[in-house]
Amino acid sequence: MADVPAARHRPGEVQGSAPGTPRPAGRRIDLLAGVVATVVAAVVFSWRLGTPSPWRDEAVTIAVAARTTEQIWALVQSVDLVHAPFYFLAHALFGTDVDVVQARWISVVAAALTAPVLYGLGRRLAAGAAGAAGAVGPGTARLTGATAAALFVSMPFVSRYAQEARPYALATLVATLGTYLLVRAGTGTGGRRWWVAYAVSVPVLVALNTVAALVLLPQAGWALAAGRRTSVRAAAAAGAGLLASVPLLLAQNAQSGQVAFLQRPTPGELGSHVLFALGSSPVAVAVAALAVAAAVRWGRARRLVLVGLLWGVLPWPLLWTISQVTPFWTTRYLVFVAPGTCLAIAAVVTVRLRPRVGAALAGLLVAVMTVTGLHMQFVFRSPTIGHAEDLRGTATYVAAHARPGDGLLFLPDGEYRYRVLTQLYPEAFARLDDIALERTAAQSATLVGTTVPAPHLWERVAGVDRIWVIGGVGPVVTKTAEDREVRRLLNQDYQLVSTEEKRAFSVRLYVRQGPGAAG
């Protein structure tokens, strides 16, 4: 009887194991790469973490997370349900004494953990199934994963939201982990648990950032390319996850008025987002475009290229187009796209090049992204302009110049970014009387509290000789009857004696006119 030839295995695979499973030595290499990626990412993302002043949304995070669990729950019944998981997480980790730096650490850790997951995902997508057309060897696959992770760490866009006390970095981690779980389930062993884990990732992602559910598009694209059996299982798992998300989606939709401020984006905004995401440099965009074009034209890891394009490129114009009808366009909603963009660019190292040439080209890609984005890395860590608003400087100025018994008003009063200052920096405003405030934020289960009706404002103002008015830069804006009454009272009985402008904020001091008025 003729001998049956032994099955042929690709280098780096364990005989008798699932396709793409690395040898023990390969596992050690992957573990080391993951540890290095995590450490480097943590160092980069935590650098100058506390330097930028928080902006309005971060201030809300701290103000809400510092409440009791019952108070947080009472709030999200009517507003900000989409951020509830982050509020509860920050509260659980740091309690009622949570501060901005602590809350930002959640995003730092999430972004740092995304790097090794992205490495593993890139490696698996590049390697593909054993013997599959277009697959690459284990060395090149690891290089692809490492390049994607390095690009992710080097992108200023990622650093900006890795230092944000909001859930965008966390959503990015879940989107990346969910995609990894899908690929792991479809290409490896381990049975049903990988599919269950993938299904669970879907409602978790929806809870953190509804827009990030667009990552289902590249996931579906990969599953369809992987064959009928995998696509059926993936559809079942994703369907189960979406079904579990329906109650949350309905509840979030009931609070859709929260994003009513968003406007239809212009064509220029689409272009500016691409520049912003890739390092705010035309050079970086050009290099990225050439890398992707090369991968599409000559690449071998077809599924990697497919996922990279559907994840890292498609959501930008897709969300822009959707926002022409229902505005949802804002840069921070697209942070989850960054890993896909890095995969698309990293795909260039899977083209038909010698390993050394591929490694050199990968190093060049990372170097270009790092150098062209270095300026923005410093900008995003600036004390005053890093997060576009200087709440810290505003509070510091008031604390240095206010007197005991001074009054405090906000114009316009309805915008949460102004009164939330008193919750973020209570010590700075401890000597001031918030004249228009009727019930505090915690008492009213709102973001910033409720105010007295316009007809009663004059009673609150009577007897107050000095009033600090905080609002936006430029002319005073009035939006409500209460705002108009505040301006009338100020114009009638007070004189503007000083104006100090910080980034996105103005602080005006009004002093009562007439005999006996305090100076």
Side-chain angles (χ1 to χ4, degrees), residues 53-56 58-60 62-63 383-385 387-441 447-519:
S53 168
W55 74 297
R56 71 188 82 170
E58 290 185 293
V60 168
I62 306 309
T384 56
I385 65 174
H387 288 191
E389 296 179 352
D390 191 8
L391 278 79
R392 182 190 296 147
T394 303
T396 300
Y397 178 82
V398 172
H401 296 86
R403 301 176 186 175
D406 284 356
L408 177 65
L409 289 169
F410 300 91
L411 275 179
D413 198 298
E415 293 191 22
Y416 65 89
R417 64 169 143 169
Y418 302 125
R419 180 168 275 111
V420 76
L421 271 163
T422 63
Q423 299 178 66
L424 184 61
Y425 299 107
E427 299 84 1
F429 296 91
R431 297 185 296 177
L432 280 69
D433 176 27
D434 192 342
I435 296 172
L437 184 65
E438 183 175 45
R439 300 178 66 203
T440 67
L447 292 178
V448 293
T450 58
T451 56
V452 298
H456 299 287
L457 275 171
W458 70 270
E459 301 172 7
R460 298 291 191 95
V461 172
V464 181
D465 292 325
R466 286 165 38 103
I467 298 179
W468 295 91
V469 178
I470 297 178
V473 296
V476 174
V477 175
T478 56
K479 295 185 176 181
T480 64
E482 287 74 18
D483 290 344
R484 290 187 287 273
E485 178 64 8
V486 166
R487 186 170 64 176
R488 187 189 70 80
L489 291 171
L490 291 174
N491 292 339
Q492 172 182 289
D493 299 323
Y494 292 82
Q495 179 181 0
L496 175 64
V497 298
S498 71
T499 300
E500 178 72 14
E501 291 191 348
K502 302 295 181 180
R503 188 164 184 87
F505 291 88
S506 69
V507 182
R508 297 178 172 89
L509 174 60
Y510 288 82
V511 176
R512 184 181 292 277
Q513 305 178 72

Exercise for review: Could you walk me through whether E415 and R56 pass salt bridge (Lys or Arg N to Asp or Glu O under 4.0 Å), step by step?
Suggested key: CA-CA 10 Å; E415 293 191 22; R56 71 188 82 170; 5.1 Å; no

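- Minimum interatomic distance between S53 and R392 (heavy atoms only, all atoms of both residues): OG-N, 3.0 Å.
- The closest side-chain heavy-atom distance from V507 to T499 is not below 4.5 Å.
- The shortest heavy-atom contact between L391 and P54 is CD1-O, 3.2 Å.
- Looking at H456, its side chain never comes within 3.5 Å of a backbone N or O of V452 through a donor-acceptor pair.
- Just one of F505, W468, F429 meets the ring-ring contact (aromatic ring centres under 6.0 Å, His included) condition when paired with Y418; it is F505.
- With sequence neighbours excluded, the residues satisfying salt bridge (Lys or Arg N to Asp or Glu O under 4.0 Å) with D434 are R419.
- Residues L509 and H401 have side chains not in contact (no heavy-atom distance under 4.5 Å, counting atoms from C-beta outward).
- Residues L408 and I435 are not in side-chain contact: their nearest non-hydrogen atoms beyond the backbone lie 4.5 Å or more apart.
- Atoms OG1 and CD, on T480 and E485 in that order, are 10.5 Å from each other to the nearest 0.5 Å.
- How far CD of Q492 is from CD of Q513: 10.0 Å, rounded to the nearest 0.5 Å.
- At a threshold of 4.5 Å between non-hydrogen side-chain atoms, the residues Y510 and Q495 do not count as touching.
- A428 and A395 get closest at one heavy-atom pair: CB-O, 3.5 Å.
- Taken to the nearest 0.5 Å, the OH atom of Y397 stands 11.0 Å off from the CD1 atom of I470.
- Remark: the backbone N or O of A436 is not paired with any side-chain donor or acceptor of T451 at under 3.5 angstrom.
- The two residues R466 and V511 come nearest to each other via the heavy atoms CG-CG2, 4.0 Å.
- Without hydrogens or angle criteria, R460 side chain to L437 main chain gives a donor-acceptor distance under 3.5 Å.
- In this structure the side chain of L489 never reaches within 4.5 angstrom of the side chain of Y494, judged on heavy atoms.
- In terms of heavy-atom proximity, A504 sits nearest to A388 at CB-O, 4.1 Å.
- Residues R431 and D406 are not in side-chain contact: their nearest non-hydrogen atoms beyond the backbone lie 4.5 Å or more apart.
- At a threshold of 4.5 Å between non-hydrogen side-chain atoms, the residues E501 and V473 count as touching.
- Between V420 and F410 there is no side-chain heavy-atom pair separated by less than 4.5 Å.
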